[in-house]
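Along the sequence shown, the residues carry numbers beginning at 1. Keep in mind that the numbers below use all heavy atoms, side chains included, and drop hydrogens, waters and symmetry copies.
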Amino acid sequence: MARSSESLRPVVILAILLALAASLVALILSSISIAKYNDGTIEVNARAQTRENKAQSQVWTIAISDYGVNLEYLNEATNEIKGYNVDIVNAVCTLANKTCILVWDVKQRCWDTEPGQRARGGVGLLARWYDACTGWVNTYDRSLTFAFTRAFVKKKDVALYAVNSSPVDYRNLTGLTVGFIDGWASDERCLARYAESADITGASLTASRILHYSSAMRLMQGLRSGEADIAFAIRLPQLESDFQRLTPDEFPNFCYPDGAGMMTRKDNTEFINWWNEAFDRLVGTPEYDKICERLSTEHGHIQGSGAKDVCIGY
């Protein structure tokens with residue numbers, strides 16, 4: 001028997017109410033889900049902004065020494081380290097929008113060598129006293145400990161030197177005492193490579209024949225006094241002008257494969273990435289040309305090489 005409209009009315013009303021309730025629940029759940037998603041997005045964005053702000057506010061400390069050449073030297077009047085390397089650091093950090101501070105320290109705290117022992121990383125860089133060291137070449141030994149940026153100074157030649165009256169033949173170093181600048185790539189391990197590669201007799205030295213000097217000036221003093229019979233070093237202007245170069249112009253460099261850049265810890269990839277990106281943008285610009293010109297115009301009163309021998313791409 002058919003139901004009357006009166007008997008069906010409560011059922012219809014109940015169905016409508018249930019449908020409305022279901023829609024309300026779905027709306028609430030949807031709102032909660034959207035809110036959670038938005039909160040998550042805001043949180044992610046906030047974390048990203050915090051990281052960006054932290055990166056921008058970080059101060060990068062960079063160690064530098066003074067070698068008495070136009071790459072790095074001490075301006076006695078202002079007590080500032082000046083030179084091409086300083087100009088490069090300032091320009092690269094400005095392009096990268098980074099805050100950089102140069103910190104003077106002895107070079108042995110970047111890379112240390114002792115007579116007759118294997119060279120090792122310096123305490124300053126390993127202990128995080130600073131983030132990087134300025135103007136170091138990527139040698140075969142150093143690459144085992146540290147990482148390097150692209151070179152901003154061309155690869156240099158090396159040579160053997162003696163006082164002008166010396167009768168020494170560079171092809172026979174038997175029994176001679178050899179002076180080196182402590183921490184430099186042109187060390188006794190490099191000289192030993194010439195025993196086979198260039199047929200230099202006596203190039204592999206015993207500890208008693210190795211003398212290390214803290215600077216180029218001290219090395220020169222050791223040569224003049226006769227403490228060292230000869231010196232093995234990069235072809236520095238002061239050595240070229242004051243001493244007899246024993247080796248020929250075409251003498252090969254077996255000490256390192258490339259020029260000097262920034263040396264840092266292997267875990268400091270952030271520094272390497274932003275430095276390389278900014279330096280690549282600097283090279284070839286009028287600003288880089290001005291830096292290279294200052295080797296002679298602003299820093300020319302100090303001994304050193306010109307733009308052709310220093311600057312990348314020249």
* Please step through side chain to side chain contact (heavy atoms under 4.5 Å, CB included) for the pair Leu173 and Ile200, ending with a clear verdict. => CA-CA 7 Å; Leu173 307 182; Ile200 297 180; 3.8 Å; yes

* **Verify same cluster id: Ile234, Tyr140 (apolar side-chain graph, 4.5 Å)** => no

* **Same cluster (ILVMFWY, side-chain, under 4.5 Å), Trp104 and Trp136** => yes

Indicate yes or no: at least one non-hydrogen side-chain atom of [X] is less than 4.5 angstrom from one of [Y].
| X | Y | result |
| --- | --- | --- |
| Leu126 | Thr145 | yes |
| Leu125 | Arg265 | yes |
| Leu102 | Ile81 | no |
| Arg171 | Asp199 | no |
| Gln58 | Thr99 | no |
| Phe251 | Arg245 | no |
| Val178 | Asp229 | no |
| Ile181 | Lys107 | yes |

* When you check the side-chain N and O atoms of Glu227 and Tyr213, is any donor under 3.5 Å from an acceptor? -> yes

* Tell me yes or no: between the side chains of Asp182 and Ser214, is some donor less than 3.5 Å from an acceptor? => no

* In plain terms, say whether Asp309 and Lys155 are close enough for a salt bridge, that is, a side-chain N and a carboxylate O under 4.0 Å apart. => no

* Charged N-O contact under 4.0 Å between Lys154 and Asp258 -> no

Once rounded to the nearest 0.5 Å, what's the spacing between atom [atom1] of [X] and atom [atom2] of [Y]?
| X | Y | atom1 | atom2 | value |
| --- | --- | --- | --- | --- |
| Thr149 | Phe279 | OG1 | CZ | 8.0 Å |
| His299 | Glu293 | NE2 | CD | 11.5 Å |
| Trp111 | Met263 | CH2 | CE | 7.0 Å |
| Thr134 | Ile88 | OG1 | CD1 | 11.0 Å |
| Gln244 | Leu239 | CD | CG | 13.0 Å |
| Ser241 | Gln303 | OG | CD | 5.0 Å |

N/O donor-acceptor pair under 3.5 Å between [X] side chain and [Y] backbone:
| X | Y | value |
| --- | --- | --- |
| Asn268 | Thr264 | no |
| Asn70 | Ser305 | yes |
| Ser225 | Gly222 | yes |
| Asn253 | Lys156 | yes |
| Ser65 | Asp105 | yes |

By ring-ring contact (aromatic ring centres under 6.0 Å, His included), which residues pair with [X], not counting sequence neighbours?
| X | result |
| --- | --- |
| Phe152 | none |
| Tyr314 | none |
| Phe271 | Trp60, Trp274, Trp275 |
| Tyr67 | Trp184 |

* Take Asp267 and Arg128 through the salt bridge (charged side-chain N to carboxylate O under 4.0 Å, His left out) test and state the conclusion after the steps. => CA-CA 11 Å; Asp267 64 347; Arg128 301 175 184 269; 2.5 Å; yes

Who passes salt bridge (charged side-chain N to carboxylate O under 4.0 Å, His left out) against [X], sequence neighbours left out?
| X | answer |
| --- | --- |
| Arg209 | none |
| Arg150 | Asp280 |
| Asp141 | Arg118, Arg189 |
| Asp157 | Arg235 |

Nearest non-hydrogen partners of [X] and [Y], listed with the distance:
| X | Y | answer |
| --- | --- | --- |
| Ile230 | Val168 | CG2-CG1, 4.1 Å |
| Gly183 | Thr113 | N-OG1, 2.8 Å |
| Cys311 | Leu295 | SG-CD1, 4.0 Å |
| Leu223 | Ala228 | CD2-O, 3.7 Å |
| Ala233 | Ser186 | CA-OG, 3.5 Å |
| Leu282 | Tyr288 | O-CB, 3.2 Å |

* Check the pair Val103, Ile64 against side chain to side chain contact (heavy atoms under 4.5 Å, CB included), reporting the backbone distance first and the verdict last. => CA-CA 6 Å; Val103 179; Ile64 193 167; over 6 Å; no

* Structure fact -> Tested for side chain to side chain contact (heavy atoms under 4.5 Å, CB included) against Leu205, the lone hit among Ile210, Leu176, Thr177 is Ile210

* Answer yes or no: are there more than 12 heavy-atom neighbours, outside Arg120 itself, under 6.0 Å from its atom CZ? => yes

* Asked: Counting only heavy atoms not in Lys266, do more than 12 fall under 6.0 Å of its NZ?
  -> yes

* Fellow cluster residues of Ile302, listed by chain then number, with links counted only when side-chain atoms sit under 4.5 Å apart -> Tyr73

* Asked: According to the disulfide bond (SG atoms under 2.5 Å apart) rule, which pairs have a member within residues 108-182, sequence neighbours left out?
  -> Cys110-Cys133

* Can you pull the ring-ring contact (aromatic ring centres under 6.0 Å, His included) pairs that have at least one residue in residues 223-243, sequence neighbours excluded? -> Tyr194-Phe232

* side chain to side chain contact (heavy atoms under 4.5 Å, CB included) evaluation trace for Asn276 with Ile272 -> CA-CA 6 Å; Asn276 283 343; Ile272 294 173; 3.5 Å; yes

* **Any pair counted as salt bridge (charged side-chain N to carboxylate O under 4.0 Å, His left out), so long as it reaches residues 67-94, sequence neighbours left out** => Lys82-Glu298, Asp87-Arg294

* Kindly determine whether Tyr161 and Leu246 satisfy side chain to side chain contact (heavy atoms under 4.5 Å, CB included), including the steps that lead there. => CA-CA 5 Å; Tyr161 295 93; Leu246 302 173; 5.9 Å; no

